[in-house]
Amino acid sequence: MPLIRMKGQRRQHQPGDIFVLQPEGHGLRFGRVVKTGQSGPEGRFPGGLLAYVYDVPAEVEKPDPPVLTLTPDRLLLPPFFAAPWPWAKGYFRTVEHEVLKPADLLAQHCFFDPARSAYADENDKVIAGRTEPCGIFALANFALLESQVDDALAGRLAPAPSPKA
């Protein structure tokens with residue numbers, strides 16, 4: 001099921017930005033930018049954004065109750081890295097900004113890095129082992145992200161990436 005296109009936005013993204021996406025037939029879902037990309041040793045994706053999407057349905061573009069429901073235990077899918085273009089094209093729309101608190105973040109980010117056949121954190125540092133939820137260390141392909149949202153909302157779990165695959 002596709003994501004419905006809304007009005008596009010061109011903006012500087014900041015950690016704490018809350019956005020909406022609209023999967024066809026499922027109302028709105030909220031997401032949050034948790035880190036902006038940087039170049040150098042602290043990030044492989046300059047300009048990329050680390051984001052969460054929550055399983056918090058809504059009929060309007062403001063979280064109700066406000067951000068209290070946007071917690072790591074309510075993630076719809078693992079964290080992912082995205083380029084800013086889904087906002088520019090209108091698939092994601094920033095609706096609010098709240099300063100991030102430690103309780104808003106996963107204790108450990110985990111991404112499978114196929115280039116190294118290892119797990120890494122959001123800063124591209126290899127970690128000892130897999131922690132859940134575990135995403136893929138790559139900029140999200142939009143078609144794949146759309147498919148992951150569709151699968152998660154339909155209750156179909158995608159196979160977890162691993163070094164053995």
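All residue numbers in this chain count up from 1 along the given sequence.
For F81 and F137, the distance between ring centers is under 6.0 angstrom.
The shortest non-hydrogen separation linking G48 to L139 is CA-CD2, 4.3 Å. Taking both residues in full, the closest heavy atoms of C110 and T131 are given as CB-OG1, 3.2 Å, listed atom of the first, atom of the second, then distance. When all heavy atoms of R29 and P57 are compared, the pair lying nearest together is NH1-CB, 3.3 Å.
For the atom pair OH of Y119 and SG of C134, the computed distance is 5.5 Å after rounding to the nearest 0.5 Å. To the nearest 0.5 angstrom, R5 atom CZ is 15.0 Å from L21 atom CG. Atoms CZ and CG, on F111 and D124 in that order, are 10.5 Å from each other to the nearest 0.5 Å. Going from atom CG of D17 over to atom CD of Q12 covers 10.0 Å, rounded to the nearest 0.5 Å. For the atom pair CZ (F30) and CZ (R74), the distance works out to 11.0 Å, reported to the nearest 0.5 Å. With rounding to the nearest 0.5 angstrom, the CD atom of E132 is 11.5 Å from the CG atom of L75.
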Practice problem: Apply side-chain contact (heavy atoms from CB on, under 4.5 Å) to the pair M6 and V20, showing each step before the final yes or no. | Solution: CA-CA 10 Å; M6 301 170 277; V20 293; 4.1 Å; yes

Quiz item: Would I127 and Q108 satisfy side-chain contact (heavy atoms from CB on, under 4.5 Å), going step by step from the backbone distance to the final call?
Solution: CA-CA 9 Å; I127 58 176; Q108 171 72 65; 3.7 Å; yes

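Screening L50, I136, V53 against F80 for a side-chain contact (heavy atoms from CB on, under 4.5 Å) leaves a single residue, V53. Checking each of D151, D150, V149 against S147 for a side-chain contact (heavy atoms from CB on, under 4.5 Å) leaves exactly one that passes, namely D151.
Salt bridge present: D104 and R32 bring a charged side-chain N and a carboxylate O closer than 4.0 Å.
Among residues two or more places apart in sequence or in another chain, the salt bridge (charged side-chain N to carboxylate O under 4.0 Å, His left out) test is passed with R10 by none.
Two residues are said to be in side-chain contact when any heavy atoms from C-beta on lie closer than 4.5 Å; P23 and L3 meet this criterion. Under the 4.5 Å side-chain criterion, counting only non-hydrogen atoms from C-beta, L106 is in contact with P133. Residues Y54 and L76 have side chains not in contact (no heavy-atom distance under 4.5 Å, counting atoms from C-beta outward). Using a 4.5 Å heavy-atom cutoff, the side chains of H13 and P84 are in contact.
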Would you tabulate the side-chain donor-acceptor contacts of residues 86-95 under 3.5 Å, counting partners in other chains and residues two or more places apart, or write 'none'?
residue, atom, partner, partner atom, Å
W87, NE1, T94, OG1, 3.2
R93, NH1, K7, O, 3.0

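Residues V33 and W85 fall within the same hydrophobic cluster, defined by Ile, Leu, Val, Met, Phe, Trp and Tyr side chains chained together at heavy-atom separations under 4.5 Å.
Under 3.5 Å, the side chains of H109 and D121 contain no donor-acceptor pair of N or O atoms.
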